[in-house]
Amino acid sequence: MYRIRRFAVRHSRQFEWIYNRLESALVALAPVLSRIGYNRIERPVALIEKGIKGLLFDCQMCGQCVLSSTGMSCPMNCPKQLRNGPCGGVRPGGFCEVKPGMRCVWVEGWNGAARMRGGDRIREVLPPVDRRLAGSSAWLRASREKAAALHEARERERSTLANAFPTARRIEPSTAPLADEPARAIGRGKTG
Ligand code: SF4
C-alpha cells in the first residue's frame, strides 16, 4: 500500500534497526537452519517475507533485497525498475514521470537514506537484478551468505594462528605449546 510504503520511508532508521536485528538473528541461527535444510524452509520463509514486506514496502519479491541501500524505498516500484537512481523524467515536486500521482521512488529513497545510519550506501552502484532469483527469500540468502563469510573468516584466522605456532616455537620454544597442532586446526584435515 502506497501510504504504508511512504510511512516506512519516513521511519527508515527504525526499519534499518529492525532489519539489522533480524539479519543478526538469522546469521546466529545459521547452524540450525542449515541442519534443517535451507531448501526446506525456503518456501515458508519466502511466504512470510512476501506478506510482511509486501505490506510495508510494496515488495515485488525480486529476491535480492536492496532496501538498506535505497533508503527503505523499494526500487522495484519504479515503473522502469531502475536500481541506480532516478531517470531524467522526475516531475516537479518529485513525482514520477510515468505515474504522476506517485512520488519517485528515488526521491523517496534519498530522503529515507538521509535518516539512516548506513544511508551512504545509496551512493554505491547496485548490480542489475538477477531475474532468476525472483520469488525467493532475500532474507535467507543474505543471512546465509553472511554466515558463510563469517565462518570462512574464522577458519582463516584459526589456521593462521595454528600455522604461526611452529614458527614461534622455533624462535622461542617457551612461548608456544610443545605438542603438534592437530591437522584439523591448520586446515589439513576435515573441518567441522
Ligand atoms: S528490493 Fe526486492 S526484495 Fe527488497 S523490497 Fe524491493 S522487491 Fe522486495
Side-chain angles (χ1 to χ4, degrees), residues 1-30 33-34 38-87 89-90 94-149:
M1 271 166 75
Y2 184 55
R3 284 174 65 177
I4 300 182
R5 190 207 302 177
R6 293 200 65 199
F7 169 88
V9 172
R10 282 199 304 277
H11 295 82
S12 52
R13 177 84 168 249
Q14 288 87 334
F15 281 105
E16 178 188 34
W17 185 89
I18 293 168
Y19 186 82
N20 288 340
R21 298 287 90 70
L22 174 72
E23 189 182 65
S24 302
L26 287 173
V27 169
L29 285 171
L33 299 181
S34 61
Y38 277 95
N39 284 347
R40 268 199 214 155
I41 55 173
E42 167 67 36
R43 208 173 145 74
V45 174
L47 276 175
I48 296 169
E49 183 173 337
K50 187 177 179 179
I52 296 175
K53 282 165 58 180
L55 177 72
L56 291 170
F57 309 106
D58 282 340
C59 170
Q60 314 286 320
M61 290 298 282
C62 71
Q64 43 237 275
C65 197
V66 287
L67 283 173
S68 48
S69 299
T70 58
M72 293 290 153
S73 172
C74 171
M76 301 308 278
N77 289 310
C78 164
K80 300 175 187 176
Q81 299 197 338
L82 298 178
R83 298 276 268 199
N84 282 298
C87 66
V90 182
F95 289 90
C96 174
E97 172 182 54
V98 182
K99 294 183 179 176
M102 181 183 92
R103 299 260 300 161
C104 167
V105 299
W106 282 102
V107 171
E108 289 287 283
W110 190 258
N111 293 334
R115 299 181 189 105
M116 291 166 64
R117 279 181 192 276
D120 269 358
R121 288 172 67 182
I122 199 168
R123 295 173 191 275
E124 290 168 14
V125 177
L126 297 170
V129 189
D130 183 346
R131 304 277 172 193
R132 291 169 300 180
L133 301 177
S136 64
S137 167
W139 285 349
L140 282 184
R141 176 170 304 97
S143 61
R144 188 181 187 178
E145 285 172 2
K146 194 161 185 178

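For the numbers below, each heavy atom of this structure counts, side chains included, while hydrogens, waters and symmetry mates do not. One-based numbering, in listed order, for ligands and for the atoms of each.
Each of Arg43, Glu42, Arg144 was compared with Ser137 under the side-chain contact (heavy atoms from CB on, under 4.5 Å) criterion, and only Glu42 meets it.
Annotation: cation-pi geometry not satisfied between Arg13 and Trp17 (NZ/CZ under 6.0 angstrom from ring centroid, within 45° of ring axis).
Looking only at protein heavy atoms, the nearest one to atom 4 (Fe) of ligand 1 is Cys65 SG, 2.4 Å. Protein heavy atom in closest approach to atom 6 (Fe) of ligand 1: Cys74 SG, 2.2 Å. In terms of protein heavy-atom proximity, atom 8 (Fe) of ligand 1 is closest to Cys59 SG, 2.3 Å. Nearest protein heavy-atom contact of atom 7 (S) of ligand 1 is Gln60 N, 3.1 Å.
No side-chain heavy atom of Met76 sits less than 4.5 Å from a side-chain heavy atom of Cys59. Side-chain contact check for Pro79 versus Met102: some heavy-atom pair is nearer than 4.5 Å.
If you look at Met61 next to ligand 1, the close heavy atoms, those under 4.0 Å, all belong to the backbone.
Taking a 6.0 Å sphere around CZ of Arg132, one finds it holds 12 or fewer heavy atoms contributed by other residues, nucleotides or ligands.
Distance check for Cys62 against atom 4 (Fe) of ligand 1: none of its N/O/S atoms falls below 2.8 Å.
Here is the list of ligand 1 atoms found below 4.0 Å of a heavy atom in Lys53: 3 (S), 4 (Fe), 5 (S).
A salt bridge is absent between Glu108 and Arg5; no separation between the charged side-chain nitrogens and carboxylate oxygens falls under 4.0 Å.
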